[in-house]
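Here's the structure we're looking at; comments come further down.
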Amino acid sequence: MNLSGKNILITGASTGIGYELALQLADYNCNLILTARRKELLDALSDKIRSKCKVVFYQSDVSNSEDTRDTYKKIINEFGSIDIAILNAGVDQKTRVNNFNVDDAVRTMGVNFFGLVNWIELLLPVFMKEKRGMIVGVTSLADAKGFPGSGYYCASKAAASHLLESIRVDLKKYNIKVITVKPGFVKTPMTDRNEFQMPFLMDVDRAVKIMIKGIIKEKSVIEFPFVTSMSTKILKCMPYSLFEFLFSRELKKRKS
Ligand SMILES: NC(=O)c1ccc[n+]([C@@H]2O[C@H](COP(=O)([O-])OP(=O)(O)OC[C@H]3O[C@@H](n4cnc5c(N)ncnc54)[C@H](OP(=O)(O)O)[C@@H]3O)[C@@H](O)[C@H]2O)c1
């Protein structure tokens, strides 16, 4: 995929991976459409890259279908079309069993799963009619298992990964490419809040370089870093009892 001249949507562009994607993609002669809820951060980012590429930003909440529809209409009025949609917005809501509640679960699914669904619903009719387009969904290597303390997050990312895997095949005959990006730990405001040691924590600059390379190559799944990706594959095949033993031990270590 040649990115030059393409209209690229990035959701969740105000910080972290989305922000870095905008910074790096600005060097690829493409037009950038940035969204997030914090308008002032998008404004500052747009000022930073405006000399390199055409950029517009919209304050928009991916979990709100009406808001997403309004944003889509504005984008189409301004740009005519979207070529590549990088659906990156996400939240990491910790799951505390002593404060288990539906609101946190709905919020997490609302952004990490329905945030993708809301955008894909709008993108598909035009993409299918024109037999073109690329959907890049950022999920996580945490989609592989239900990791302790991350129940809502893992469930939301597994749902998103399965959705993308399923429609990838359905959309092949329409020439629409669906890419799933599964990062391991990447240093961003999201992981800065973690109090535990994160194995193979990667710089956001490097993570985004890998993502862009994978998008250009049109890889179906972009997962990194290699060791974390291999480890999650092993964890997935592991007997349930061994998984429980290893993670109970890990939790004890974190507490001590
Ligand atoms: N960092 C990691 O280690 C890691 C690992 C695996 C997967 N991921 C995934 O990578 C993606 C980016 O995460 P990050 O690490 O860059 O985290 P981050 O720095 O916290 O960025 C999250 C982005 O999502 C946006 N966002 C959150 N809720 C939103 C909503 N309701 N509507 C629109 N935008 C919303 C935030 O902007 P506003 O708050 O301004 O709306 C922000 O721009 C997420 O999907 C995350 O799950 C991250």
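We count ligands from 1, going down the list as the structure has it; atoms in each ligand are counted the same way.
- Considering only residues two or more places apart in sequence or on other chains, Lys54 meets the salt bridge (Lys or Arg N to Asp or Glu O under 4.0 Å) condition with Glu78.
- The protein residues lying under 4.0 angstrom from ligand 1, judged by non-hydrogen atoms, are Gly12, Ala13, Ser14, Thr15, Gly16, Ile17, Ala36, Arg37, Arg38, Ser60, Asp61, Val62, Asn88, Ala89, Gly90, Val91, Val111, Val138, Thr139, Ser140, Tyr153, Lys157, Pro183, Gly184, Phe185, Val186, Thr188, Pro189, Met190, Thr191.
- In the hydrophobic clustering of ILVMFWY residues, with side-chain heavy atoms under 4.5 Å counting as a link, Ile82 and Ile215 come out apart.
- The list of side-chain hydrogen bond (donor to acceptor under 3.5 Å, both in side chains) pairs with a residue in residues 236-247, not counting sequence neighbours, is empty.
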Any chance you could lay out the side-chain hydrogen bond (donor to acceptor under 3.5 Å, both in side chains) test for Asn99 and Lys94, step after step, and finish with the verdict?
CA-CA 10 Å; Asn99 182 29; Lys94 303 289 172 228; over 6 Å; no
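- Formation of a donor-acceptor pair under 3.5 Å by the Gln59 side chain with backbone atoms of Arg37 is found in this model.
- Counting only residues at least two apart or on different chains, the salt bridge (Lys or Arg N to Asp or Glu O under 4.0 Å) pairs with a member in residues 58-69 are Arg69-Glu121.
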